[in-house]
Amino acid sequence: MYKLHSRRYFKIKPPFNKAIRLLLMADSMWLMGRAMLGPIYALFVAEIGGSLFDAGITFGVYALSAGIITLVSGTLVDRVKENELIIAAGFLISGIGFGLYTMVDSMTMLLIAQAVIGAGEATKFPAYDEVYSKHLDKNKGGEEWGAWESVAYFTTALGAVAGGYVASKYGFDAIFGLMTILSLSAAIFIYVLPRKAL
């Protein structure tokens, strides 16, 4: 009498539309990698002979680089048709910056790495926000931006714990390797998607 085994009764509808899910998947990889060093960054600076003041300076350089490049990339987003490629470029540049951490043996090299990472983030964010906004479902903007915020917090929590564990067991280079892999994986993921997917 009742179709208990009907697919109609057991079909689970995935949350959000496909484009939003794809964007969240890519960004979660990058966000996790980005979070791995955060809580122990000052320890890394100290390991290469820097002070807490030096750590502040290098973070300032990162933020300055990001601020300048954001102005450029924001303008570019308005002129380029395939903004998903700019997102992939941002992930790629960030990955290169994370990889540069493995070569850091002085404050000068750390400043360069921080500037590259800032440039990568600044390249990615305006394009990501534009593409994400384009795919928001009607009357679900708050819910879907809330999903991104939640993903950012969850991946930051996971990345911070994973980074601390990996650093304590295998050292900083292991973290930098994982950060690079995650960021480059996000870049490849976005790049190989069919253009119509986003």
Spacing of [atom1] belonging to [X] relative to [atom2] belonging to [Y], to within rounding of 0.5 Å:
X      : Y      : atom1 : atom2 : value
Ile190 : Leu85  : CD1   : CG    : 9.5 Å
Thr58  : Gln114 : OG1   : CD    : 5.0 Å
Leu111 : Ile57  : CG    : CD1   : 7.5 Å
Tyr191 : Leu193 : OH    : CG    : 12.0 Å
Tyr170 : Tyr165 : OH    : OH    : 5.0 Å
Ser51  : Met107 : OG    : CE    : 7.0 Å

Please check this pair: side chain of [X] against backbone of [Y], looking for a donor-acceptor N/O pair closer than 3.5 Å.
X      : Y      : result
Ser133 : Glu130 : no
Ser183 : Gly95  : yes
Ser65  : Val61  : no

Please walk me through it: do Val104 and Phe44 pass side chain to side chain contact (heavy atoms under 4.5 Å, CB included)? CA-CA 10 Å; Val104 169; Phe44 171 64; 4.0 Å; yes
Identify whether [X] and [Y] are in the same connected component of the hydrophobic contact network (ILVMFWY, side-chain heavy atoms under 4.5 Å).
X      : Y      : value
Met179 : Leu100 : yes
Phe59  : Leu64  : no
Leu178 : Met103 : yes
Met109 : Tyr62  : yes
Leu31  : Ile188 : no

Angle class for the Tyr132/Tyr128 ring planes (parallel below 30°, perpendicular above 60°, tilted otherwise)? parallel
Give me the ring orientation class for Phe125 and Trp30: parallel if the planes are under 30° apart, tilted from 30 to 60°, perpendicular past 60°. perpendicular
Closest non-hydrogen atom pair, [X] against [Y]:
X      : Y      : result
Gly163 : Ile40  : O-CD1, 4.0 Å
Leu52  : Ala42  : CD2-CB, 4.1 Å
Ser73  : Pro126 : OG-CG, 3.4 Å

Take a 6.0 Å sphere around NZ of Lys81 and say whether it holds more than 12 heavy atoms from other residues, nucleotides or ligands. no
Taking OH in Tyr41 as the centre, count heavy atoms belonging to other residues, nucleotides or ligands within less than 6.0 Å. Is the count above 12? yes
Would Leu182 and Met36 count as a side chain to side chain contact (heavy atoms under 4.5 Å, CB included) if you check the C-alpha gap in whole Å, the side-chain angles of each, and the deciding distance to 0.1 Å? CA-CA 11 Å; Leu182 287 166; Met36 295 185 87; 4.2 Å; yes
ring-ring contact (aromatic ring centres under 6.0 Å, His included) partners of Phe189, counting only residues at least two apart: none
Taking the side chain as everything from C-beta on, heavy atoms only, tell me whether Val116 gets closer than 4.5 Å to Ile93. yes
Taking the side chain as every heavy atom from C-beta outward, state whether Phe53 and Val45 have any atom pair closer than 4.5 Å. no
Out of Thr102, Thr180, Val166, which one pairs with Ile175 under the side-chain contact (heavy atoms from CB on, under 4.5 Å) rule?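 Checked Thr102, Thr180, Val166 against Ile175; only one passes side-chain contact (heavy atoms from CB on, under 4.5 Å): Val166.
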Would you tabulate the side-chain donor-acceptor contacts of residues 14-29 under 3.5 Å, counting partners in other chains and residues two or more places apart, or write 'none'?
residue: Asn17; atom: OD1; partner: Ala19; partner atom: N; Å: 3.2
residue: Asn17; atom: OD1; partner: Ile20; partner atom: N; Å: 2.9
residue: Asn17; atom: ND2; partner: His135; partner atom: O; Å: 2.7
residue: Asn17; atom: ND2; partner: Asp137; partner atom: OD1; Å: 3.2
residue: Asn17; atom: ND2; partner: Asp137; partner atom: OD2; Å: 3.1
residue: Arg21; atom: NH1; partner: Phe16; partner atom: O; Å: 2.8
residue: Asp27; atom: OD1; partner: Lys124; partner atom: NZ; Å: 2.9
residue: Asp27; atom: OD2; partner: Lys124; partner atom: NZ; Å: 3.2
residue: Asp27; atom: OD2; partner: Trp148; partner atom: NE1; Å: 2.6
residue: Ser28; atom: OG; partner: Leu24; partner atom: O; Å: 3.2
residue: Ser28; atom: OG; partner: Met25; partner atom: O; Å: 2.7

Give the C-alpha distance, both sets of side-chain angles, the deciding distance and a yes or no for side chain to side chain contact (heavy atoms under 4.5 Å, CB included) between Phe172 and Leu43. CA-CA 10 Å; Phe172 282 106; Leu43 294 176; 4.2 Å; yes
